[in-house]
Amino acid sequence: MTSTAPETQRGQDAGDPLGEQPTSWQRRLRRFGHVPRPETSLRDRLDPPWTRPGRQVWSVLAIPPHVADRLVRWSAWGGPLLVTLVAGLLRFWRLDQPNAVIFDETYYAKDAWALVNQGYEGSWPKDVDKLILKDPSSVPIPTDPGYVVHPPVGKWIIGFGEQLFGFTPFGWRFMVAVLGTISVLLLCRIGRRLFRSTFLGCLAGLLLAVDGLHFVMSRTALLDLIVMFFVLAAFGCLVVDRDRSRRRLADALPVDEEGVLRPDARIAETLRLGWRPWRLGAGVMLGLAFATKWNGLYVLAAFGLMTVLWDVGARRTAGAARPYMAVLRRDLVPAFFSTVPVAIVTYIVSWTGWIVTDKGYYRNWAATEGKGSSWSWLPDWLRSLWHYENQVYDFHVGLTSGHTYESNPWSWLVLGRPVSYFYEEQAGCKESSTGKCAAEVLAIGTPLLWWLACFALAYVVWRWLFRRDWRAGAIACGVAAGWVPWFFYQERTIFLFYAVVFVPFLCLAVTMLLGAIVGPAAGTGARADLGLTSKDPTGERRRTLGAIAAGVLVLLIIWNFIYFWPLYTGTSIPEDLWRDRMWLDTWV
């Protein structure tokens, strides 16, 4: 196992890059756990090395060193792909069950089918779901436009699966399951790069693979998991961009006579970091998230600020005396144009199907009700789209009608009120004392994982504030971007499953906590972070106990996922066993 960070990465970007004595505020914060940055080279702080499994592991397994090196290289992709394979098998197993239109699939499955066939959503008649399940070919696509309140990208994606496999439950769930599976691979690779550890990256992906909410959302044709996928992809793009820009800074800095990289204020403040395609990719991904559901806008703002602060930290570490001014002059404008305008253009392009038709809802508003406006010099399609967006915004902020499964965002982390997507009782169940069996699809996270995540988030915030760990700050940013905005709309009808957008970051937080429980490898400078010296005989004992504790927690989470499996898949079980799984009264 590896620790949550190699010694070269702990505390980077904190304090003065020249390694001077800590400031007075840093000395005062030591009572809360702040520690000075370990002595590491400037290159390692700008471009941290990757951790490698200790030789003890290979010795125990009797694996020769040359074979071990090959396995380490293979594991960079082999490990994440193996975890992804497990996640995919779980998500695609009986994907067409339950054979029903569950929860809001009644909107998105039908809108997607109309969208891919005629370019705009239709106004479907009521009670058509049963006919679709019985014989979808007998149900005509309505030509009258339908009023929809979400942008089209998520429905285009769902519709692509329907084009491949038909207007059936498997068809409209297929692409969501694909994105849910790929998101596990993304998190493995992102976690690996974030923690510089293949083991911890695969652990983060494994936790996502066995999270109940992510699992259920991966098997349901709703939009929120699609938003999560694009948000996670954007985050990954920004992490890669951070690594590459810091490496470019390191390569530009001078080397002294002894071959040691030295900070240089002039280079750190004036160097242009050039073409940054990964940040441009993040802008496209955030635009696609925004073009699926509007909460992607908040993530765009949060991630945009985060990437600029990363540039500040990089230039400070490289020796800039005024890093904020340097970023303002060199990086701020390119960062803005790589994200915000790109996201907006992506959003508008996503409406192409509506733009090129003349039958979409409000498509002709500018030529009718909006005729004679002071903005008539703009294209009609653009004014009609702007009016449509205004109407949709009014709908969203005014959506206050009560719902059985609505919940307050304060209760999300403790899974206060999950959403039942599907429930069916069967009489004549001999295994149950009540004579009934129950089949349910409950959108709820794996309880032990989420409850551990509450402690992990506290640890992440502490580590960000008092250890100045950029990774903790990035994880906290991801959680806050997906969670905090909902607190501004507490009067609106909102649901727990919206939280799927920040589930990957909860898994990263838990991974970081588990890495800290395991502890750093013996003989590293990071041992000082735990108050241990290289000669302390208790170091290996503490690491062994930490590894056992972390392993037990992971096994408990996996067991918890297996225990709730019937509630995630709609498997029929005796009502007694169903009630045993209702751990809280609010879950019923």
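This structure is a prediction, so every number in the text was calculated from the model and none was measured.
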Check whether NZ of the Lys or CZ of the Arg [X] lies under 6.0 Å from the centre of the six-membered ring of [Y] and within 45 degrees of that ring's axis.
{"X": "R417", "Y": "W412", "result": "no"}
{"X": "R581", "Y": "Y563", "result": "yes"}
{"X": "K293", "Y": "F230", "result": "no"}
{"X": "R189", "Y": "W77", "result": "yes"}

Do you see a donor-acceptor pair shorter than 3.5 Å between the side chains of [X] and [Y]?
{"X": "S411", "Y": "N408", "value": "no"}
{"X": "S572", "Y": "Q426", "value": "yes"}
{"X": "H214", "Y": "T446", "value": "no"}
{"X": "T198", "Y": "R192", "value": "yes"}
{"X": "E575", "Y": "S432", "value": "no"}
{"X": "W50", "Y": "S197", "value": "no"}

Going through the checks in order, is the side-chain hydrogen bond (donor to acceptor under 3.5 Å, both in side chains) test met by W278 and D243? CA-CA 10 Å; W278 285 99; D243 281 357; over 6 Å; no
Run the salt-bridge test on R279 and D311 with the 4.0 Å N-O cut-off and return the result as yes or no.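 A salt bridge is present here (some side-chain N lies under 4.0 Å from a carboxylate O).
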Check ion pair D469-R467 (N to O, under 4.0 angstrom):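 No salt bridge links D469 with R467.
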Mind running salt bridge (Lys or Arg N to Asp or Glu O under 4.0 Å) on R492 and E406 for me, showing each step along the way? CA-CA 9 Å; R492 185 188 184 277; E406 66 178 312; over 6 Å; no
With no hydrogens and no angle check, is any side-chain donor or acceptor of [X] less than 3.5 Å from a backbone partner on [Y]?
{"X": "W483", "Y": "P409", "result": "yes"}
{"X": "R173", "Y": "L95", "result": "yes"}
{"X": "E105", "Y": "A221", "result": "yes"}

Stepwise salt bridge (Lys or Arg N to Asp or Glu O under 4.0 Å) check, R246 with D47: CA-CA 6 Å; R246 292 173 74 90; D47 186 17; over 6 Å; no
Step by step, work out the side-chain hydrogen bond (donor to acceptor under 3.5 Å, both in side chains) result for T569 and Q97. CA-CA 7 Å; T569 58; Q97 299 299 315; over 6 Å; no
Give me the one residue out of L553, L207, L213 that meets side chain to side chain contact (heavy atoms under 4.5 Å, CB included) with L449.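 Of L553, L207, L213, side chain to side chain contact (heavy atoms under 4.5 Å, CB included) with L449 is met by L207 alone.
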So, C429 with C437, SGs under 2.5 angstrom?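 Answer is yes, sulfur atoms closer than 2.5 Å.
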